[in-house]
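If you're wondering where the values come from, they're calculated on a predicted model, not measured in any experiment.
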Amino acid sequence: MITVFKANSIIERNAILHELREHGTEAFSGERDISRKVASSTVDMAFEGVSILFDGFAIQVNEKDKESSEQLIKELLARVNLNVAHPEDGAMSRHLRKFYYCSIFSITIPVAFNIYGFYQMYLGLKNREPVRWGFFIFSLVIMLSSSVLWILVLIGYLSKLPFFSSAF
């Protein structure tokens, strides 16, 4: 089995699997992909069907069906008017989308989402993915603001400790 597509949501995954099976292609994807979940409960931790922490649902087919499956998936996505996330199509990319979402969540869990968000920003810019400048600037301001805020909180906390009081 070889991975031909990574769906962003359960609905997208099910639609693609149905289309492939309708055309006689044996396709597989886990019923509840563990990479989308933080715990073993039945709660899907994705925000609006888009996974922030992980890469979504892998759809796999036999190696002999790879090219025909990729073509069927492209046709299905074009038919339902979904973006395929190619820079030439102007679609919002996965890495920059994750950066945008991480900027919002960096207010609550700053260290984890700041590190992961800046890493996703790096990957998106490195891959020359299309930038939505309004989202990008807004996200960057939020990420930097939350970083500075939590550094100030940390310095204020550490300055009250006896060991660090002389350093600050």
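In this structure, the side chains of Ile107 and Leu149 stay at 4.5 Å or more apart for every pair of heavy atoms. Residues Leu140 and Phe118 have side chains in contact (heavy-atom distance under 4.5 Å, counting atoms from C-beta outward). Within the 4.5 Å cutoff, the side chain of Ile59 has heavy atoms near those of the Leu20 side chain. You'll find the side chain of Glu129 reaches within 4.5 Å of the side chain of His95, heavy atoms only. Side-chain contact between Arg94 and Lys6 is present, with heavy atoms from C-beta onward closer than 4.5 Å. Using a 4.5 Å cut-off on side-chain heavy atoms (C-beta onward), Phe5 and Glu12 make contact. Side chains of Ile2 and Gln60 form no contact here, defined as non-hydrogen atoms less than 4.5 Å apart.
Judged by distance alone, with hydrogens and angles left aside, the side-chain atoms of Asn127 form a donor-acceptor pair with the main-chain N or O of Leu123 at under 3.5 Å. Ser29 places a side-chain N or O within donor-acceptor distance of the main-chain N or O of Ala58, the cut-off being under 3.5 Å. A donor-acceptor distance shorter than 3.5 angstrom exists from the side chain of Arg21 to the backbone of Ala27, with no hydrogens or angles considered. Between the side chain of Ser145 and the backbone N or O of Val141, at least one donor-acceptor pair lies under 3.5 Å.
Around atom CD1 of Ile11, no more than 12 heavy atoms belonging to other residues, nucleotides or ligands sit under 6.0 Å away. At most 12 non-hydrogen atoms from other residues, nucleotides or ligands lie less than 6.0 angstrom from CD of Glu26.
With salt bridges taken as basic N to acidic carboxylate O contacts below 4.0 Å, one links Arg79 and Glu19. Using a cutoff of 4.0 Å between basic side-chain nitrogens and carboxylate oxygens, Lys66 and Glu70 are scored as salt-bridged.
Residues Phe136 and Phe99 bring their aromatic ring centres within 6.0 Å.
Under 3.5 Å, the side chains of Asn114 and Ser147 contain a donor-acceptor pair of N or O atoms. Side chains of Glu67 and Gln71: a donor-acceptor N/O pair is absent below 3.5 angstrom, by distance only.
When all heavy atoms of Gly117 and Cys102 are compared, the pair lying nearest together is CA-CB, 3.7 Å.
The CD1 atom of Ile142 sits 12.5 Å away from atom OH of Tyr100, with the distance rounded to the nearest 0.5 Å.
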